Undergrad: 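Have a look at this one before I ask anything.
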Amino acid sequence: MQKLEDFDLVEKAFYLSTDVVDIARSLLGMYLYTSILGAPPCLAKIVETEAYRAPDDKGSHAYQNKKTKRTEVMFRTGGISYIYLCYGIHEMFNVVTGPKDCAHAILIRAVEPVTGIEEIKKRRKKENLSDCCNGPGKLCAALGIDRSFNASTLYDPASNIRIYRKNTPIINDIISSPRVGIAYAGESANLPWRFRIESSPFTSKPDEVNYG
DNA sequence: GCGACGATTCGCT
DNA sequence: GCGAATCGTCGCG
(Lines give C-alpha, C1' and ligand atoms only; values in the text may rest on other atoms or scores of the structure.)
Protein backbone atom coordinates (compact mmCIF):
# COMPACT_ATOMS: atom_id res chain seq x y z
CA MET A 1 0.00 0.00 0.00
CA GLN A 2 1.49 3.32 -1.09
CA LYS A 3 1.36 6.30 1.23
CA LEU A 4 0.32 9.75 0.09
CA GLU A 5 3.44 11.13 1.82
CA ASP A 6 5.49 9.63 -0.99
CA PHE A 7 3.80 11.99 -3.45
CA ASP A 8 3.79 15.75 -4.01
CA LEU A 9 0.64 17.73 -4.70
CA VAL A 10 1.04 19.20 -8.19
CA GLU A 11 1.31 22.98 -7.86
CA LYS A 12 -0.96 25.54 -9.50
CA ALA A 13 1.79 26.80 -11.82
CA PHE A 14 1.88 23.44 -13.62
CA TYR A 15 -1.60 24.05 -15.02
CA LEU A 16 -1.03 27.58 -16.25
CA SER A 17 1.01 26.88 -19.38
CA THR A 18 -0.74 27.73 -22.64
CA ASP A 19 0.66 24.54 -24.20
CA VAL A 20 -2.20 22.14 -23.42
CA VAL A 21 -0.73 19.42 -25.62
CA ASP A 22 2.48 19.47 -23.58
CA ILE A 23 0.57 19.34 -20.29
CA ALA A 24 -1.49 16.41 -21.56
CA ARG A 25 1.75 14.54 -22.20
CA SER A 26 3.20 15.56 -18.83
CA LEU A 27 0.16 14.28 -16.93
CA LEU A 28 1.05 10.71 -17.90
CA GLY A 29 2.63 9.04 -14.89
CA MET A 30 1.04 11.49 -12.46
CA TYR A 31 -1.60 10.38 -9.98
CA LEU A 32 -5.28 11.13 -9.60
CA TYR A 33 -6.48 11.07 -6.01
CA THR A 34 -10.11 11.08 -4.89
CA SER A 35 -11.39 11.32 -1.36
CA ILE A 36 -15.15 10.93 -1.46
CA LEU A 37 -17.25 11.25 1.70
CA GLY A 38 -18.09 7.88 3.22
CA ALA A 39 -15.68 5.87 1.06
CA PRO A 40 -12.00 4.90 1.25
CA PRO A 41 -9.70 7.27 -0.70
CA CYS A 42 -8.46 6.13 -4.10
CA LEU A 43 -5.18 6.76 -5.90
CA ALA A 44 -4.60 5.92 -9.55
CA LYS A 45 -1.80 6.50 -12.05
CA ILE A 46 -2.75 8.44 -15.17
CA VAL A 47 -1.91 6.34 -18.25
CA GLU A 48 -3.97 8.03 -20.99
CA THR A 49 -5.00 11.62 -21.78
CA GLU A 50 -6.36 13.75 -24.63
CA ALA A 51 -5.78 17.46 -25.22
CA TYR A 52 -8.62 19.78 -26.33
CA ARG A 53 -7.43 23.18 -27.51
CA ALA A 54 -10.02 25.88 -28.05
CA PRO A 55 -10.66 28.07 -29.91
CA ASP A 56 -9.30 26.45 -33.08
CA ASP A 57 -9.92 22.78 -32.18
CA LYS A 58 -13.24 21.55 -33.62
CA GLY A 59 -13.22 18.66 -31.19
CA SER A 60 -13.43 20.99 -28.20
CA HIS A 61 -16.67 21.94 -26.50
CA ALA A 62 -15.26 25.47 -26.48
CA TYR A 63 -14.58 25.56 -30.23
CA GLN A 64 -14.51 29.18 -31.41
CA ASN A 65 -14.55 30.14 -27.75
CA LYS A 66 -18.21 29.21 -27.49
CA LYS A 67 -19.05 29.98 -23.89
CA THR A 68 -22.16 28.38 -22.43
CA LYS A 69 -23.37 27.38 -18.98
CA ARG A 70 -21.66 24.03 -19.43
CA THR A 71 -18.32 25.21 -20.86
CA GLU A 72 -17.93 28.25 -18.63
CA VAL A 73 -15.50 26.46 -16.27
CA MET A 74 -13.14 25.83 -19.18
CA PHE A 75 -12.58 29.59 -19.40
CA ARG A 76 -11.51 29.90 -15.79
CA THR A 77 -7.88 29.85 -14.62
CA GLY A 78 -6.30 26.39 -15.00
CA GLY A 79 -5.96 23.82 -12.26
CA ILE A 80 -9.64 22.95 -11.82
CA SER A 81 -11.89 20.11 -12.98
CA TYR A 82 -14.36 20.19 -15.87
CA ILE A 83 -16.82 17.34 -15.44
CA TYR A 84 -19.76 16.79 -17.76
CA LEU A 85 -22.31 14.12 -18.61
CA CYS A 86 -21.88 12.30 -21.90
CA TYR A 87 -24.63 10.34 -23.68
CA GLY A 88 -26.84 10.99 -20.66
CA ILE A 89 -25.06 8.22 -18.80
CA HIS A 90 -21.33 8.71 -18.28
CA GLU A 91 -19.41 11.38 -16.39
CA MET A 92 -16.21 12.67 -18.03
CA PHE A 93 -13.34 14.14 -16.03
CA ASN A 94 -11.17 16.89 -17.53
CA VAL A 95 -8.33 19.03 -16.25
CA VAL A 96 -8.74 22.72 -17.15
CA THR A 97 -5.44 24.36 -18.11
CA GLY A 98 -4.06 27.73 -19.16
CA PRO A 99 -4.69 31.25 -17.84
CA LYS A 100 -8.15 32.79 -17.51
CA ASP A 101 -10.13 32.94 -20.78
CA CYS A 102 -7.89 30.28 -22.35
CA ALA A 103 -10.41 27.44 -22.71
CA HIS A 104 -8.06 24.48 -22.82
CA ALA A 105 -8.86 21.13 -21.21
CA ILE A 106 -7.46 17.62 -20.96
CA LEU A 107 -9.68 14.55 -20.86
CA ILE A 108 -8.38 11.80 -18.58
CA ARG A 109 -9.15 8.60 -20.53
CA ALA A 110 -7.56 5.87 -18.39
CA VAL A 111 -5.85 5.30 -15.06
CA GLU A 112 -4.16 2.40 -13.29
CA PRO A 113 -5.57 1.77 -9.80
CA VAL A 114 -2.96 1.96 -7.02
CA THR A 115 -4.88 2.21 -3.74
CA GLY A 116 -8.55 1.85 -2.88
CA ILE A 117 -8.69 -1.23 -5.10
CA GLU A 118 -11.59 -2.85 -3.29
CA GLU A 119 -13.64 0.34 -3.41
CA ILE A 120 -12.90 0.69 -7.12
CA LYS A 121 -14.02 -2.87 -7.88
CA LYS A 122 -17.10 -2.37 -5.75
CA ARG A 123 -18.15 0.83 -7.51
CA ARG A 124 -17.61 -0.78 -10.91
CA LYS A 125 -19.06 -4.14 -9.92
CA LYS A 126 -16.11 -5.77 -11.65
CA GLU A 127 -13.55 -8.26 -10.38
CA ASN A 128 -11.12 -7.74 -13.26
CA LEU A 129 -9.10 -4.69 -12.23
CA SER A 130 -7.87 -3.96 -15.75
CA ASP A 131 -11.48 -3.37 -16.81
CA CYS A 132 -12.25 -0.88 -14.02
CA CYS A 133 -10.59 2.34 -15.22
CA ASN A 134 -9.77 1.82 -18.92
CA GLY A 135 -12.11 4.48 -20.29
CA PRO A 136 -13.14 8.03 -19.37
CA GLY A 137 -16.60 7.06 -18.13
CA LYS A 138 -15.34 3.97 -16.34
CA LEU A 139 -12.67 5.76 -14.32
CA CYS A 140 -15.14 8.37 -13.12
CA ALA A 141 -17.47 5.64 -11.90
CA ALA A 142 -14.55 3.77 -10.31
CA LEU A 143 -13.16 6.78 -8.46
CA GLY A 144 -16.50 8.24 -7.41
CA ILE A 145 -16.24 11.30 -9.66
CA ASP A 146 -19.46 13.01 -10.71
CA ARG A 147 -20.68 16.47 -11.72
CA SER A 148 -21.01 17.58 -8.10
CA PHE A 149 -17.20 17.89 -8.20
CA ASN A 150 -17.20 20.13 -11.27
CA ALA A 151 -14.83 23.13 -10.89
CA SER A 152 -12.92 21.50 -8.03
CA THR A 153 -9.46 22.96 -7.39
CA LEU A 154 -6.98 20.18 -8.11
CA TYR A 155 -4.02 21.73 -6.26
CA ASP A 156 -5.91 22.46 -3.04
CA PRO A 157 -5.22 19.89 -0.27
CA ALA A 158 -8.80 20.37 0.91
CA SER A 159 -10.35 19.28 -2.40
CA ASN A 160 -12.01 15.90 -2.90
CA ILE A 161 -10.12 15.48 -6.18
CA ARG A 162 -6.39 16.23 -6.50
CA ILE A 163 -3.42 15.43 -8.70
CA TYR A 164 -0.07 14.28 -7.33
CA ARG A 165 3.31 13.37 -8.73
CA LYS A 166 5.92 11.02 -7.34
CA ASN A 167 8.91 12.58 -5.63
CA THR A 168 11.19 10.49 -7.80
CA PRO A 169 10.72 11.29 -11.50
CA ILE A 170 9.93 8.48 -13.90
CA ILE A 171 10.52 8.00 -17.60
CA ASN A 172 7.48 6.80 -19.50
CA ASP A 173 7.17 5.26 -22.94
CA ILE A 174 4.66 7.59 -24.55
CA ILE A 175 2.82 7.21 -27.84
CA SER A 176 0.55 9.79 -29.48
CA SER A 177 -2.34 9.13 -31.88
CA PRO A 178 -5.66 10.71 -33.01
CA ARG A 179 -8.31 11.26 -30.36
CA VAL A 180 -11.30 8.98 -29.85
CA GLY A 181 -14.92 9.67 -30.81
CA ILE A 182 -14.64 13.02 -32.58
CA ALA A 183 -15.50 12.14 -36.18
CA TYR A 184 -17.52 15.37 -36.32
CA ALA A 185 -14.36 17.45 -35.80
CA GLY A 186 -13.34 17.64 -39.47
CA GLU A 187 -9.68 18.41 -40.00
CA SER A 188 -9.09 18.55 -36.23
CA ALA A 189 -10.03 14.87 -35.90
CA ASN A 190 -6.65 13.56 -36.97
CA LEU A 191 -4.52 15.72 -34.69
CA PRO A 192 -2.32 13.33 -32.64
CA TRP A 193 -3.42 14.62 -29.27
CA ARG A 194 -4.22 11.33 -27.56
CA PHE A 195 -1.35 10.25 -25.33
CA ARG A 196 -0.78 6.82 -23.80
CA ILE A 197 1.86 5.01 -21.79
CA GLU A 198 2.48 2.34 -24.39
CA SER A 199 3.52 -0.42 -22.02
CA SER A 200 0.51 0.02 -19.73
CA PRO A 201 -2.15 -2.70 -19.74
CA PHE A 202 -4.63 -0.16 -18.32
CA THR A 203 -5.20 2.08 -21.37
CA SER A 204 -8.61 2.41 -23.06
CA LYS A 205 -10.30 1.09 -26.17
CA PRO A 206 -10.11 1.41 -29.04
CA ASP A 207 -6.42 0.81 -29.73
CA GLU A 208 -6.72 2.81 -32.94
CA VAL A 209 -9.19 5.17 -34.55
CA ASN A 210 -9.54 6.01 -38.22
CA TYR A 211 -11.47 9.00 -39.52
CA GLY A 212 -10.63 8.32 -43.15
C1' DG B 1 -40.88 24.45 -25.82
C1' DC B 2 -38.82 20.94 -29.02
C1' DG B 3 -35.71 17.95 -31.33
C1' DA B 4 -31.12 16.28 -32.33
C1' DC B 5 -27.18 14.44 -30.55
C1' DG B 6 -23.03 13.38 -27.85
C1' DA B 7 -14.88 13.54 -25.89
C1' DT B 8 -19.26 6.07 -24.03
C1' DT B 9 -20.27 1.58 -22.27
C1' DC B 10 -22.31 -2.85 -22.18
C1' DG B 11 -24.46 -6.91 -23.72
C1' DC B 12 -25.78 -9.75 -27.35
C1' DT B 13 -25.18 -11.70 -32.10
C1' DG C 1 -19.56 -5.54 -34.91
C1' DC C 2 -24.02 -3.41 -33.65
C1' DG C 3 -27.65 -1.19 -31.22
C1' DA C 4 -29.67 0.47 -26.97
C1' DA C 5 -29.44 3.08 -22.87
C1' DT C 6 -30.52 7.85 -21.22
C1' DC C 7 -30.57 12.95 -20.29
C1' DG C 8 -28.39 17.53 -20.22
C1' DT C 9 -27.10 20.91 -23.45
C1' DC C 10 -27.71 23.71 -27.25
C1' DG C 11 -29.66 25.92 -31.23
C1' DC C 12 -33.69 27.31 -33.29
C1' DG C 13 -38.26 29.19 -33.35
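Quick note: numbers below take in every heavy atom, side chains included, and nothing from hydrogens, waters or symmetry partners. Letters A, B, ... mirror the listed sequences (proteins, then strands); counts begin at 1. Note that this is a predicted model, so its numbers are computed, not measured.
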Undergrad: Donor-acceptor pair, A:Thr49 side chain versus A:Leu107 backbone, under 3.5 Å?
TA: no
Undergrad: Is the side chain of A:Ser152 donor-acceptor paired with the backbone N or O of A:Phe149 at a distance under 3.5 Å, no angle test?
TA: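 Confirmed, A:Ser152 side chain pairs with A:Phe149 backbone.
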Undergrad: To the nearest 0.5 Å, how far apart are CD in A:Glu11 and CD1 in A:Ile163?
TA: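 These two atoms lie 11.5 Å from each other.
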Undergrad: Is there a path of hydrophobic side-chain contacts, each under 4.5 Å between heavy atoms of I/L/V/M/F/W/Y residues, joining A:Leu154 to A:Leu139?
TA: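 Per the 4.5 Å side-chain linkage, A:Leu139 and A:Leu154 are co-clustered.
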Undergrad: Please determine if A:Arg162 forms a cation-pi arrangement with A:Tyr155, meaning its NZ or CZ atom is less than 6.0 Å from the six-membered ring centre and no more than 45° off the ring axis.
TA: no
Undergrad: Can you tell me how far the CZ atom of A:Arg196 sits from the CG atom of A:Asp173, to the nearest 0.5 Å?
TA: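 Rounded to the nearest 0.5 Å, the CZ-CG separation comes out at 11.5 Å.
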Undergrad: Pairs under 3.5 angstrom only: tabulate donor-acceptor contacts from the side chains of residues 202-212 of chain A to other protein residues two or more places apart or in another chain.
TA:
unit_1, atom_1, unit_2, atom_2, d
A:Ser204, OG, A:Glu48, OE1, 3.2
A:Ser204, OG, A:Glu48, OE2, 2.8
A:Ser204, OG, A:Arg109, NE, 3.3
A:Ser204, OG, A:Arg109, NH2, 3.2
A:Ser204, OG, A:Arg194, NH2, 3.2
A:Asn210, OD1, A:Gly212, N, 2.9
A:Tyr211, OH, A:Arg179, O, 2.4
A:Tyr211, OH, A:Gly181, N, 3.0
A:Tyr211, OH, A:Ile182, N, 3.1

Undergrad: List in numerical order all residues of residues 184-212 of chain A for which some heavy atom is under 4.0 Å away from an atom belonging to DNA chain B.
TA: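 Contacting residues: A:Tyr184.
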Undergrad: Of all the base pairs, Watson-Crick or G-U under 3.5 Å, which form stems of three or more consecutive pairs involving DNA chain C?
TA: B:1-6 with C:7-12, B:8-12 with C:1-5
Undergrad: Sequence neighbours left out, cut at 3.5 Å: what donor-acceptor pairs do the side chains of residues 14-21 of chain A make with other protein atoms?
TA:
unit_1, atom_1, unit_2, atom_2, d
A:Ser17, OG, A:Asp19, N, 2.9
A:Asp19, OD1, A:Val21, N, 3.4
A:Asp19, OD1, A:Asp22, N, 3.0

Undergrad: Can you name the salt bridge (Lys or Arg N to Asp or Glu O under 4.0 Å) partners of A:Lys126, sequence neighbours left out?
TA: A:Asp131
Undergrad: Contact class for A:Ile182 (heavy atom, under 4.0 Å): base, sugar-phosphate, or nothing?
TA: sugar-phosphate
Undergrad: Closer than 3.5 angstrom, by distance alone: can the side chain of A:Asn172 be matched with the main-chain N or O of A:Ile197 as a donor-acceptor pair?
TA: no
Undergrad: Would you mind writing out the side-chain donor-acceptor pairs for residues 30-47 of chain A within the sub-3.5 Å range, not counting sequence neighbours?
TA:
unit_1, atom_1, unit_2, atom_2, d
A:Tyr31, OH, A:Lys166, NZ, 3.4
A:Thr34, OG1, A:Leu143, O, 2.9

Undergrad: Can you pull the contact range of chain A along DNA chain B, 5' to 3', using atoms under 4.0 angstrom from its heavy atoms?
TA: B:dG6 to B:dC10
Undergrad: Please say yes or no: joined through hydrophobic side-chain contacts below 4.5 Å, possibly via intermediate residues, are A:Leu27 and A:Ile161 part of one cluster?
TA: yes
Undergrad: Quick check for you: to the nearest 0.5 Å, what is the distance between A:His61 atom NE2 and A:Met74 atom CE?
TA: 7.5 Å
Undergrad: Any side-chain to backbone donor/acceptor pair from A:Asp156 onto A:Ala158? Under 3.5 Å, distance only.
TA: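 Confirmed, A:Asp156 side chain pairs with A:Ala158 backbone.
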Undergrad: With distance as the sole test, does A:Ser60 use its side chain to make a donor-acceptor pair with the main-chain N or O of A:Ala62 at under 3.5 Å?
TA: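 Yes; judged by distance alone, with no hydrogens or angles, the pair exists.
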Undergrad: Just checking A:Arg179: base, sugar-phosphate only, or nothing, at a heavy-atom cut-off of under 4.0 Å?
TA: nothing
Undergrad: Please give the distance between the P atoms of C:dA4 and B:dA4 as a whole number of Å.
TA: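 Their P atoms lie roughly 16 Å apart.
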Undergrad: Can you measure from OH (A:Tyr63) to CZ (A:Arg53) and round to the nearest 0.5 angstrom?
TA: 12.5 Å
Undergrad: Show me, pair by pair, the donor-acceptor contacts under 3.5 angstrom made by side chains of residues 89-97 of chain A, not counting sequence neighbours?
TA:
unit_1, atom_1, unit_2, atom_2, d
A:Glu91, OE1, A:Arg147, N, 3.1
A:Glu91, OE1, A:Arg147, NE, 3.3
A:Asn94, ND2, A:Tyr82, O, 3.2

Undergrad: Check each residue of residues 125-139 of chain A for a non-hydrogen atom within less than 4.0 Å of any atom in DNA chain B, then write out the ones that pass by number, or none.
TA: A:Gly135, A:Pro136, A:Gly137, A:Lys138
Undergrad: Counting only non-hydrogen atoms, which of residues 95-106 of chain A are less than 4.0 Å from DNA chain B?
TA: none
Undergrad: Near DNA chain C, which residues from residues 86-94 of chain A have a heavy atom under 4.0 Å away?
TA: A:Tyr87, A:Gly88, A:Ile89
Undergrad: Are A:Ile23 and A:Tyr52 linked, directly or through intermediate hydrophobic residues, by side-chain heavy-atom contacts shorter than 4.5 Å (ILVMFWY only)?
TA: no
Undergrad: Does atom NZ of A:Lys67 have more than 12 heavy-atom neighbours from other groups under 6.0 Å away?
TA: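 More than 12 heavy atoms, drawn from other residues, nucleotides or ligands, come within 6.0 Å of this atom.
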Undergrad: Got a list of protein N/O to nucleotides 11-13 of chain C N/O distances below 3.5 Å?
TA:
unit_1, atom_1, unit_2, atom_2, d
C:dG11, OP1, A:Lys66, NZ, 3.4

Undergrad: To the nearest 0.5 Å, how far apart are NZ in A:Lys122 and CD in A:Glu118?
TA: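 Taking NZ in A:Lys122 and CD in A:Glu118, the distance rounds to 10.0 Å.
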